[in-house]
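These notes are about the structure you will find just below.
Remember, it's a predicted structure, so these values are computed and weren't measured experimentally.
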There are 2 protein chains.
Amino acid sequence: MAGIRDIAEKAGASIATVSRVINGSGYVSPGMRARIEAVIAELQFRPNAGAALMRRGKSRMVGVLLPALDVKFFGILAHVIEQALFRRGYHAFICCSSESPEHEAEYIAAMLAQRVDGVIIASVASDAAAAARLTAAGVPIVAVDRAIAGAVTVKADHYAGGRLMAGYLTGLGHRRIAVIGAPEHSTPVQERLAGVRDALAGAGLEPVAVALGAKHGFEACRDLLLGLLDRGLAADAVIGLTDLAALGAIHALHERGISVPTDVSVIGFDDMPLARYIIPQLTTVAQPIREIGELAVEQIVRLMTGEALSDATPPALSVVVRGTTAPRKT
Amino acid sequence: MAGIRDIAEKAGASIATVSRVINGSGYVSPGMRARIEAVIAELQFRPNAGAALMRRGKSRMVGVLLPALDVKFFGILAHVIEQALFRRGYHAFICCSSESPEHEAEYIAAMLAQRVDGVIIASVASDAAAAARLTAAGVPIVAVDRAIAGAVTVKADHYAGGRLMAGYLTGLGHRRIAVIGAPEHSTPVQERLAGVRDALAGAGLEPVAVALGAKHGFEACRDLLLGLLDRGLAADAVIGLTDLAALGAIHALHERGISVPTDVSVIGFDDMPLARYIIPQLTTVAQPIREIGELAVEQIVRLMTGEALSDATPPALSVVVRGTTAPRKT
DNA sequence: TTGTAAGCGTTATCAA
DNA sequence: TTGATAACGCTTACAA
């Protein structure tokens with residue numbers, strides 16, 4: 001593969017000048033530039049990122065560490081972040097930890113080796129350690145969706161979201177409210193649950209049942225509610241801590257011949273596309289995922305360039321009223 | 001950041017020996033190795049990938065170029081590929097072209113600059129050019145899901161899938177079959193359509209309507225069918241060329257008070273998780289997406305290491321019978 | 001406006 | 001079993 005040297009020779013220039021046109025740095029006369037560009041095209045020259053990295057010590061790459069890519073929420077997040085980074089001239093090094101600490105450690109090492117300029121991370125429990133390794137190496141990080149102590153964090157206010165779900169349901173007159181969710185280890189899920197509990201308590205209520213599943217996926221939540229129903233649970237309404245959990249609840253209700261929303265109301269959280277798949281469409285609390293991704297990128301870029309952080313926050317959560325909620329039957 | 005040099009000095013060894021323990025190459029006595037490893041840990045040494053790349057000319061990275069990450073199918077594919085690559089000691093450089101040729105070109109350039117050892121690609125129309133640039137640079141490529149002329153391709157037999165959908169429906173006695181799908185520019189979608197047409201023709205039939213939308217998403221397909229219905233379409237069954245299209249069809253039917261599957265049967269393609277979200281659950285043709293991802297990785301690894309290609313093929317497609325199909329009303 | 005030259009941190013080839 | 005040492009291809013002062 002042709003090197004900068006070959007280009008210089010063939011174009012009758014010095015390697016310094018070639019480097020200048022490649023990077024758009026310094027001054028190069030139009031004629032020289034044209035000649036060099038022609039040779040670059042002709043020889044199909046591709047700069048060697050390794051060499052550049054070694055010299056510069058910076059890679060113009062941002063690591064993006066997510067727990068999964070096959071979960072819609074993270075797929076969207078990855079996509080938004082990737083786009084925003086691209087627009088600012090950075091490349092994303094997207095990695096999924098797959099809930100595995102070894103995986104995560106390996107990828108942190110790879111990011112460090114790549115000398116990424118920054119990292120956007122939304123990983124699992126083991127975060128603290130991962131984040132520590134990064135900051136110890138002087139790599140700025142921004143946490144998305146899940147907070148990391150001491151790190152800049154961009155996330156929705158899940159607690160407020162929990163309050164919103166509960167408040168909307170009690171506003172409709174519901175009193176016997178059950179809560180279903182998964183995965184149980186997820187901090188956002190826990191935060192929403194806390195919000196639900198507090199809002200309910202404020203209304204002098206408490207959940208008639210709370211069931212958390214270990215794994216993401218609607219079957220687990222469906223089975224959880226099925227179990228509850230078969231043990232005599234009587235509820236006016238069900239809160240799904242995620243849209244998928246709400247969906248599981250709807251399936252369970254359907255299987256037991258309970259009509260939604262006539263007999264029981266159901267509300268979800270996230271407003272993923274799937275909320276509109278089901279009939280009737282799911283009432284849910286919308287999370288501003290695109291804005292969260294954008295803001296995370298904004299912040300990491302500021303951190304990398306040494307600018308002051310933005311004090312913007314993601315837009316507030318809001319209830320999207322669709323077909324699975326109705327006033328309490330009288 | 002500490003370099004190999006500092007390690008060598010502090011451990012009383014030469015840089016060559018340090019390099020040996022880092023890479024597990026050559027022979028190093030246990031004592032020396034332990035001493036060096038201790039220093040590496042102590043100084044938090046991280047090898048500089050750029051330097052290694054420059055020397056080696058290889059990066060142990062595989063580029064993965066997908067059209068999107070926020071579409072479930074590609075999210076799953078990315079995830080599977082990433083995992084499989086990881087297991088074999090490669091890192092994935094995941095990029096999404098977002099249907100944008102500039103994006104795609106930029107990423108190809110980045111991959112070339114990174115000196116990726118190979119590329120797995122499932123990109124849009126402009127493929128041919130992208131693939132050409134890669135192969136011209138001597139980078140092996142494997143096409144997934146969408147074939148690329150002259151390249152090793154791993155994909156489901158979409159044409160056969162189309163025949164399967166049509167055959168299943170005619171087997172149920174349906175005669176008046178409509179077809180809905182999107183996005184229209186997608187080759188897999190086109191191939192399934194061809195399969196449907198041929199299978200129908202073999203039964204002396206042809207679709208009572210065919211409508212393709214420009215964009216992925218169920219609303220477009222719903223509106224398409226709504227339009228057809230309102231112009232008097234009378235169908236026994238609807239084929240969705242993707243699960244999402246089938247979902248759109250179900251919504252349209254529902255809006256017009258037509259019952260699924262009592263009045264009209266609906267079948268989809270892909271067997272994405274969403275097929276199980278809807279009630280009744282969607283009958284669909286399952287695509288072995290995980291196996292496709294695994295096999296793509298298997299092939300790219302063989303190409304990269306110079307081994308002979310595997311002659312394995314992805315498992316055949318199969319109809320997953322669920323609740324949206326029923327024998328024709330008599 | 002362009003050129004010279006000194007590294008950047010590894011790996012790999014020889015020798016010892 | 002270990003150590004010198006020569007690249008690898010680029011960026012960037014500094015000169016001209």
Side-chain angles (χ1 to χ4, degrees), chain A residues 1-37 39-40 43-61 89 109-117 137-138, chain B residues 1-37 39-40 43-61 89 109-117 137-138:
Chain A
M1 188 163 284
I4 199 176
R5 208 138 222 132
D6 309 285
I7 307 298
E9 190 172 341
K10 188 147 189 173
S14 74
I15 59 168
T17 308
V18 175
S19 176
R20 284 186 197 104
V21 353
I22 292 169
N23 296 288
S25 60
Y27 205 103
V28 181
S29 67
M32 179 99 271
R33 156 163 285 124
R35 212 156 72 242
I36 292 177
E37 276 169 347
V39 179
I40 286 179
L43 300 192
Q44 309 237 71
F45 167 72
R46 282 292 126 214
N48 182 320
L53 164 56
M54 189 163 89
R55 262 309 318 222
R56 261 198 291 245
K58 302 239 143 221
S59 62
R60 287 198 81 69
M61 270 220 191
M111 287 178 179
L112 254 15
Q114 281 300 325
R115 300 295 191 266
V116 294
D117 298 349
Chain B
M1 188 162 283
I4 201 176
R5 207 139 223 132
D6 308 285
I7 307 298
E9 190 172 341
K10 189 147 188 172
S14 74
I15 58 168
T17 308
V18 176
S19 177
R20 284 186 197 103
V21 353
I22 292 169
N23 297 287
S25 60
Y27 205 103
V28 182
S29 68
M32 181 97 270
R33 154 163 286 123
R35 214 157 69 243
I36 291 176
E37 277 168 346
V39 179
I40 285 179
L43 299 192
Q44 310 235 74
F45 167 72
R46 281 292 126 215
N48 182 321
L53 164 55
M54 188 165 91
R55 257 314 314 218
R56 258 198 291 244
K58 303 238 143 220
S59 61
R60 286 196 83 70
M61 270 221 191
M111 287 179 178
L112 254 14
Q114 281 301 324
R115 300 296 191 264
V116 295
D117 298 350

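- Remark: B/D6 CG to B/I40 CD1 distance equals 11.5 Å, nearest 0.5 Å.
- Listed candidates were D/dA4, D/dC10, D/dC8. Nearest to the side chain of A/A52 is D/dC10.
- Side-chain contact between A/R46 and B/R115 is present, with heavy atoms from C-beta onward closer than 4.5 Å.
- Here C/dT11 is the nucleotide among D/dG3, C/dT11, D/dG9 with the atom lying nearest to any side-chain atom of B/R55.
- Here the nucleotide nearest the side chain of A/N23, chosen from C/dT2, C/dT11, D/dT11, is D/dT11.
- Rounded to whole Å, atom C1' of D/dA4 lies 14 Å from atom CD1 of B/I4.
- Separating the CD1 atom of A/I7 from the C1' atom of C/dT2 is a distance of 17 Å, rounded to the nearest angstrom.
- Side-chain contact between A/Q114 and B/Q114 is present, with heavy atoms from C-beta onward closer than 4.5 Å.
- Side-chain nitrogen and oxygen atoms of A/S25 include none within less than 4.0 Å of the OP1 or OP2 phosphate oxygen of D/dT12.
- Nucleotide C/dG9 holds its P atom 10 Å from the CZ atom of B/F45, rounded to whole Å.
- Contact annotation for A/A13: backbone-only contact, meaning every heavy-atom pair under 4.0 Å involves sugar-phosphate atoms and none involves a base.
- Distance from the side chain of B/R20 is smallest for D/dG3 among the nucleotides C/dT10, D/dG3, C/dT1.
- Distances from the side chain of A/T17 to the nucleotides C/dG3, D/dT11, C/dT11 place C/dG3 closest.
- The nearest whole Å value for the distance from the CG atom in A/L53 to the C1' atom in C/dG7 is 15 Å.
- Between B/A11 and B/V39, the shortest heavy-atom distance links the atoms CB-CG2, 3.7 Å.
- Looking at heavy-atom distances under 4.0 Å, B/R115 makes no contact with the nucleic acid at all.
- Both B/A51 and B/G26 lie close to DNA chain D; mapped to their nearest nucleotides by heavy-atom distance, the more 5′-ward contact belongs to B/G26.
- In this model, the phosphate group of C/dT10 is not approached by any side-chain N or O of B/S19 to a distance below 4.0 Å at OP1 or OP2.
- Between B/I22 and B/F45, the shortest heavy-atom contact is CD1-CE2, 3.4 Å.
- Put simply, CZ on A/R46 is 11 Å from P on D/dC10, counting in whole angstrom units.
- Between A/S14 and C/dT2 there is no side-chain polar atom (N or O) within less than 4.0 angstrom of OP1 or OP2.
- Looking at the side chain of A/I15, the nearest of the listed nucleotides D/dT11, D/dT2, C/dT10 is D/dT11.
- Counting heavy atoms from C-beta outward, B/M32 and B/R20 have side chains that stay 4.5 Å or more apart.
- Considering only the side chain of B/Y27, D/dT1 comes nearest among D/dG9, D/dG3, D/dT1.
- Atom P of nucleotide C/dG9 and atom CD of A/Q114 are separated by 16 Å, given to the nearest angstrom.
- Across the protein-nucleic acid pair, B/M54 atom CE and C/dG9 atom C1' stand 8 Å apart, rounded to whole Å.
- Note: CZ (B/R5) to P (C/dT10) measures 10 Å, nearest angstrom.
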